[in-house]
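Working notes for the structure below.
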Amino acid sequence: MYLAKIYVTYKPSILDPKGETVKDALHRLDYQAVSDVVMGKYFEIKIANDNESDVRKMVEAFSQQLLINVNMEVFRYELIALSTAV
Amino acid sequence: MYLAKIYVTYKPSILDPKGETVKDALHRLDYQAVSDVVMGKYFEIKIANDNESDVRKMVEAFSQQLLINVNMEVFRYELIALSTAV
Amino acid sequence: MKAAVISFPGSNCDYDMYYALKNWQITPTIVPASVTDLTAYDVIFLPGGFSYGDYLRTGAIAQFSPIMQALQTANAAGKLIIGICNGFQILTEAGLLPGTLQTNQNPGFICTTTALHIVNSTSAFSSAYQKTDINLPIAHGEGNYYIDDEQLSQLKANNQIIFTYNDNPNGSVANIAGVTNVAGNVFGMMPHPERAVETILNNTDGQAFFTSIINFLNQKTEAVKA
Amino acid sequence: MTPTYHEPTPAEIKTAKLYLPWGLTTQEYDLITTKLKRLPNYTETGLFAAMWSEHCSYKKSKPVLRRFWSQNERVLQGPGEGAGILDIGDNQAVVFKAESHNHPSAVEPYEGAATGVGGILRDIFSMGAQPIALLDSLRFGEINDAHTKYLINEIVAGIAGYGNAIGIPTVGGDTAFDDTYAGNPLVNVMAVGLLDQAAMKVGQAKGADNAIIYVGAKTGRDGIHGATFASAAFSDEAHVDRSAVQVGDPFTEKLVMDATIEIATKYPELVIGIQDMGAAGLVSSSAEMAAKAKMGVNLNLDLVPQRETNMTPYELMLSESQERMLLVIKKGAEQKIIAVFARYGLDAVVIGRVTADERYRLTFQAKTVADLDVQFLTHAPNYQLPSVKPTRLIQANPHQYQPVITDFKTTLLSLLAQPTIASKASLYQHFDSMVRTNTVVGPGSDAAVLRIRDTKKALAMTTDVNGRYLYLDPFNGAQMAVAEAARNIIAAGAEPIGITDCLNFGNPDKPEVYYELTQAGAGITAFAKAINTPVISGNVSLYNEYNDEAIYPTPMIGMVGLHTDVAHITTQSFKNAGDLIYLVGQTTDAFNGSEIQKLETGQITGALFGFDAQQEVTNQQGVLAAIRGGVVNSAHDLAEGGLAVALAEATFGTALGFTVNFNGTDAQLFSETQGRFIISVDPANQATFESYFSADLTQIGTVTATRQLVFNTKLSTTEIDQKTAYQTWKDALKWRLK
Ligand SMILES: Nc1ncnc2c1ncn2[C@@H]1O[C@H](COP(=O)(O)OP(=O)(O)O)[C@@H](O)[C@H]1O
Ligand SMILES: [Mg+2]
C-alpha cells in the first residue's frame, strides 16, 4: 500500500484568479508581507499495490489523464510506503 | 523571503464529496487499486519577511483565520527559505 | 420600515431581493459591503451570489468585509438578519449561524424547484404560512449543510430548524434547508424565497416568508409603542 | 534603453518565411511589403497576421456574410459591431449576438466553454446593454465513449461555472448528438441584453486627442495564438510553459460588467466608444475602433497593465487575456471614469490617444515599434473561393426512406430515448435559469421567455439548427433552421424579430465546404426575409474538421421574439383534460435526414424532403394570430421525431394523456414535414380558433385525464402508458451519461 500526495497547480503563465483573490483578501487583512499566492489542488490517494514502480506509473498515468489538464496544469507528487496493515 | 506550502484537507470525520467523485472516476477508468481519495487545497504563498518565527506565526494566523474553516478543515504547512534576491 | 440588502462584490441576487421586498410595505436599499453603519435599518438581508467569486470557500472572504462589524452590532441589538444562499454561507462563515455549507453530495450546481417542509411554524420567518409543505427554487453548488451531532441536538432542542427538504437535493445533515441562531433573530436558508413572489414567475410560495417577517417587525414596533 | 528582448529582424522574417506558421500567405506578406515600401518588423508582422486571420477579418466568409439580409425598420445596429441591436419600442432595445468556442472547448472543455460565455457577455455590455440571458447550442458525438462524456460534463460545468457566478441566467439552448461532431464538438453561446437607447454605445474611436483607456484584468501571455509558439523562433526555454488556453474569471468580469454599464448609463456624453478585447486582444479592439471612426491611434505599451514580466510588444498586442475592455473617453473626463472603475477595485489606465491621421502607432520603451495605415491593417484582401457542389448532393436519391413500423410502441419509446430527443434536464439543471427573476419560461419548452420589468412586454429566445438536414441540402436545411427557430418563438406566443447566427463549417478552402457555406447563407437569408427577421449579428467558425473530415454544415440560428403583452406567453404543455388537439400543417413522407431514418438505418441518406416557405409562413401567422386572440391553451412546434414525439412531449410534466385519430400511416407519425404545430384549445373557443386558419388545420383528438397516450391511425391503435413514456424520455440522457 502506498500513499501518493499529489500537488496540482497552474502553469506559471496562466492567470490564477483564485490565488489573486486570496492574495487581495490577505492584504485586506493586513498581511502586507504576502507577495504571491498560488492556489492549487492537493490529493492524498491510497493505492493497494506494493510495487513502487507500478505505483509510480499508475500515479503518473491517472494524474495526466484525470487529475490535471495538461494544457494548463502541472503536477508533482511524493510516494509514501504504508505498512500493508493499514 | 519565505515560501509557505500549505495543505488544507477535511477533518477525517467529514465526508469529502469531491474526493469520493474522483475515486469513482478513477475506478471507472479501471484504477481499481485506488482505495481512498482525499481532495484538498494547496497553497504556495511567498512572504517577504526573513524572520522564521514571525513567518510561522503569520502563516498559522492567516490559515486559521481565512484559509480554512475550523469547523471542518485542518491544515499543515512547510516553510522554505528563499534567497532574498529572488 | 427599512430594509438593507447588502451587496458584496460578486453578489448577484441583490436586485432580486430588492424587487421582492418592494412588494411589501418596506423600503429596501442596496447597501455596499464597504459601509460600516446599519443603524438606520430595521431588517438586514444578505442576498445570494458568488461573493469574491467563492474562489476560496463560499462566504469565506466576504466574512471580513467592513460591514460585518455593523452586522455584529445589529445582531447584538436583536435585529433580524437574513441570509439567502450565499448570504447563508457568509453568516455561517462569520459564526452568526451554526454549521457550515459544503459541496453538494453529488458535486455540481443544481437549479430546480424543491419541496420543503416547515418544521417550525412559529418563527419570524415562517409564521404566516398556511400550509406545512411548500415549493421553492434552489440554485447552488454548495448547499450541503453540515453540523456535528452535538450541535444538531441543540438545534433540535431549541427549535432552530425552520425548513427541511422533503427530497434532500444536496446531502444536508438532517435534511436541513434553513436554520436560526439560538436567539431566533438570525436566519439562513439555501432556497430562494425572493424568486417565488410573483404569479407571472409561476411560484408564490415565497410570499408568506416575507409576510412573516413583516408581521414580526410590525408586532415588534407595536410592542415598543405600547 | 535597450529592449530586454530579442526578436528576428525584418530580413530574417522574410527569408525564413516566419509569417507562414502565423497564417499569413506569401502573397499577403508581399502585398504588405509593397504597400509599406519596407519590410514589416516582428511586431508589425504579428499585427497583420492577427488582423488578417479569418477570425478577425472574415476574409473568406465575407462574400457570404455580405449577402445576409440585415435591414428593416427595427434595426438600430446591424452586423459589424460587438452585437446587433433592435428597437422594441418605449426607447428600449434588445441586443444580441452568438459566439462559437468550438476549438478552445475541444482542447480544454471547462475553460473553453467558460471563456466563451465571458466573451459573448462582453460583446453585449460593450454596447452599453445589460445582459439578461444566455443560451447555449451544443453538438457532441454519440455518447459511446468516456471522452465524449467527459467533454459533455466539462463543457456544461464550464458554462455553469461562468454564467451562474456572473449572475446572468442561462435560459435555453439546444443539444444534439451525432458522430460527425465526435472529434470536433460545437459550443455556441448566445447572449441577449436589454438597452436603454440613450445609453447605446458602439466601438468607435472618434475625436482626436480623446483618451484610450484600458480596463479590467492585467495582460498576461495567455491565449497568444498556438501556432506562434510552435515556430522555431520561440523554441527557447522561457516559452515552454505558455498555453493557448485561458482561465475565465467570472468574478472580475462581473465587476467589469457592472462598472461598464454604470459609466455607459451615467456618463453617455463622456463615453465615445467601448469595445471588448476578444480575439487578437488589444490590436483588434484598438485598430477596429480607429478604422470605423476613420481615425488613428497612438498607444504607449509601457502603460498596459501587465501580469507577467518582460512581455514584448508582440505579446502585449496579441495576448487574449480575458476580462479586458477598451474605452474611448472624452479628453478631460479621464479621472471621472477611472474613479468609477477604482470604486469596483478595477485597473483603468490611459494607454493612448486618438489621432486624426489614420495611423496605427505603437511605442514601447521609448521606441516606435509599429507605424501602419489603420485602414490597410484592418482590411485584409478578400478571397473569392472556388465552390463545387458535393457529389453526395448531385447523386442524392430523391426517393424518401420508408420506415418500417412493426411495433409502434417500441419505436416511439426508442425515439424518446434518443439523446437528441430525450430531456436535456440533466444538463440544463446545472445552469441557474432564474437569477435576476425575470424568467417566465425557462429551459425545457420551445423557447425561453423573459418578461421586461415595468412593461407589458416580454422577449422570447431560442437556438436551433439540424445539421443533418443541411448535410442533405444546405440551402433548404438552412431555411428549415430559420423556420424551426421561428416556430419555437411563435409557439411561445411571440413575434420573431431578428436573428443571430454561428456558421459552423469545415475548411472553406475545400470547394465542397465553401459550396455548403454559400448555400446555407443563401438559405438563411431567403427565409429570414420571408418572415422579416433580419440577421443583425453572428459569428463564423471554420475549419471544424477531424481527421480531414468536415462536420455537417451547422449554421446555428439564434432568434429573438417580442411579446407585446405578457398575456400571450404560451408553453408547450397541455393544460386541461377535454381540450381539443389540433394539428396545424400537412404531413407528408419526410424521412430522409429524420430521426427515424437514423434510428432504423444508422445513417442519414437521400435527398432532403422539401420545404414550402409559403405554407410555413401562413401556418406560423395563423398560430400567432390565434395565440394573440387568446384562444390557445398550449402550442408546440413539430421537429425531430415528428407528430408522435411532439404529442408525447406536450403531456410531459403534466398528469394528462390524449386520444388522437391520425388520418395517415403509422410511419407518418414520425415524419418531419416542416411548418407544423400542435395546439390545444378549450372546446368553448373552437369556432374562434378555427377562424384563424383557412386550410391546413386538422382537429386530431382531445386531451384526456387518464395518463394514456392513445394513437389511432388508418392501420392501427396503440396505447402507451404516459408515465412510462415520460420516464423513458426523462432519464435516457442521465443514464447514458453515468
Ligand atoms: N444546452 C442547453 N442549455 C439550456 N437549455 C437547453 C439546452 N439544451 C436543451 N435545452 C432546453 O431543452 C429544450 C429541448 O432541447 P432540444 O431538443 O435540444 O431543443 P429543441 O427542442 O429546441 O430542438 C430546449 O428548447 C431548451 O429549452
Ligand atoms: Mg426539439
Side-chain angles (χ1 to χ4, degrees), chain A residues 1-10 12 16 18-51 54-68 73-78 82 84 86, chain B residues 1-10 12 16 18-51 54-68 73-78 82 84 86:
Chain A
M1 176 80 93
Y2 276 92
L3 171 66
K5 296 185 169 184
I6 307 171
Y7 312 88
V8 177
T9 50
Y10 283 134
D16 173 11
K18 296 183 179 176
E20 288 296 305
T21 308
V22 171
K23 184 173 82 183
D24 292 347
L26 287 171
H27 287 172
R28 279 197 301 275
L29 289 173
D30 240 12
Y31 296 101
Q32 299 298 347
V34 168
S35 68
D36 227 335
V37 177
V38 166
M39 180 166 164
K41 292 177 205 148
Y42 170 60
F43 297 88
E44 289 181 358
I45 299 189
K46 285 196 190 140
I47 298 159
N49 184 322
D50 290 324
N51 178 321
D54 281 2
V55 171
R56 282 200 183 277
K57 274 188 210 130
M58 205 185 299
V59 170
E60 283 164 28
F62 70 60
S63 296
Q64 294 267 353
Q65 205 180 339
L66 183 76
L67 301 190
I68 73 160
E73 289 170 328
V74 288
F75 73 101
R76 54 186 185 78
Y77 71 100
E78 296 149 22
L82 300 180
T84 22
V86 172
Chain B
M1 177 80 95
Y2 275 92
L3 172 66
K5 297 184 170 184
I6 307 171
Y7 311 88
V8 176
T9 49
Y10 281 131
D16 165 15
K18 290 187 183 161
E20 289 298 305
T21 309
V22 171
K23 186 171 81 181
D24 292 347
L26 288 171
H27 286 173
R28 274 200 301 277
L29 291 173
D30 241 12
Y31 295 101
Q32 300 298 347
V34 168
S35 68
D36 225 337
V37 178
V38 166
M39 180 166 169
K41 291 176 197 146
Y42 170 59
F43 298 88
E44 289 179 359
I45 299 188
K46 285 196 191 139
I47 297 158
N49 183 321
D50 290 324
N51 179 321
D54 279 3
V55 171
R56 282 200 184 277
K57 272 188 211 131
M58 207 185 298
V59 170
E60 283 164 29
F62 69 60
S63 296
Q64 291 270 352
Q65 200 182 346
L66 181 71
L67 298 191
I68 73 163
E73 291 170 327
V74 288
F75 75 100
R76 56 187 184 77
Y77 71 100
E78 296 149 23
L82 301 179
T84 22
V86 172

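Convention: sequence-line order gives letters A, B, ...; per-chain numbering from 1.
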CG on B:D36 to CE on A:M1, rounded to 0.5 Å: 7.5 Å
Spacing of CD1 belonging to B:I45 relative to CE belonging to A:M39, to within rounding of 0.5 Å: 10.0 Å
Closest-packed option against chain A by number of heavy-atom pairs under 4.5 Å, given B:N49, B:V8, B:L3, B:V34: B:V34
Gap between atom CD of B:E44 and atom OH of A:Y7 - 0.5 Å precision: 10.0 Å
Closest-packed option against chain A by number of heavy-atom pairs under 4.5 Å, given B:F43, B:Y31, B:Y2: B:Y31
Heavy-atom closest pair, residues A:R76 and B:Y42: NH2-OH, 2.7 Å
Atom group of B:L29 that falls short of 4.5 Å from chain A, counting heavy atoms: side chain
Part of A:Q65 lying under 4.5 Å from any heavy atom of chain B: side chain
Listed once per pair and sorted, the side-chain hydrogen bond (donor to acceptor under 3.5 Å, both in side chains) pairs that draw on residues 18-27 of chain A, sequence neighbours left out: none
Neighbourhood of chain B inside residues 54-63 of chain A, taking heavy atoms under 4.5 Å as contact: A:M58, A:A61, A:F62
Selection from B:G40, B:A25, B:A48 maximising heavy-atom pairs under 4.5 Å formed with chain A: B:G40
Residue among B:T9, B:V38, B:I47 with most heavy-atom pairs under 4.5 Å to chain A: B:V38
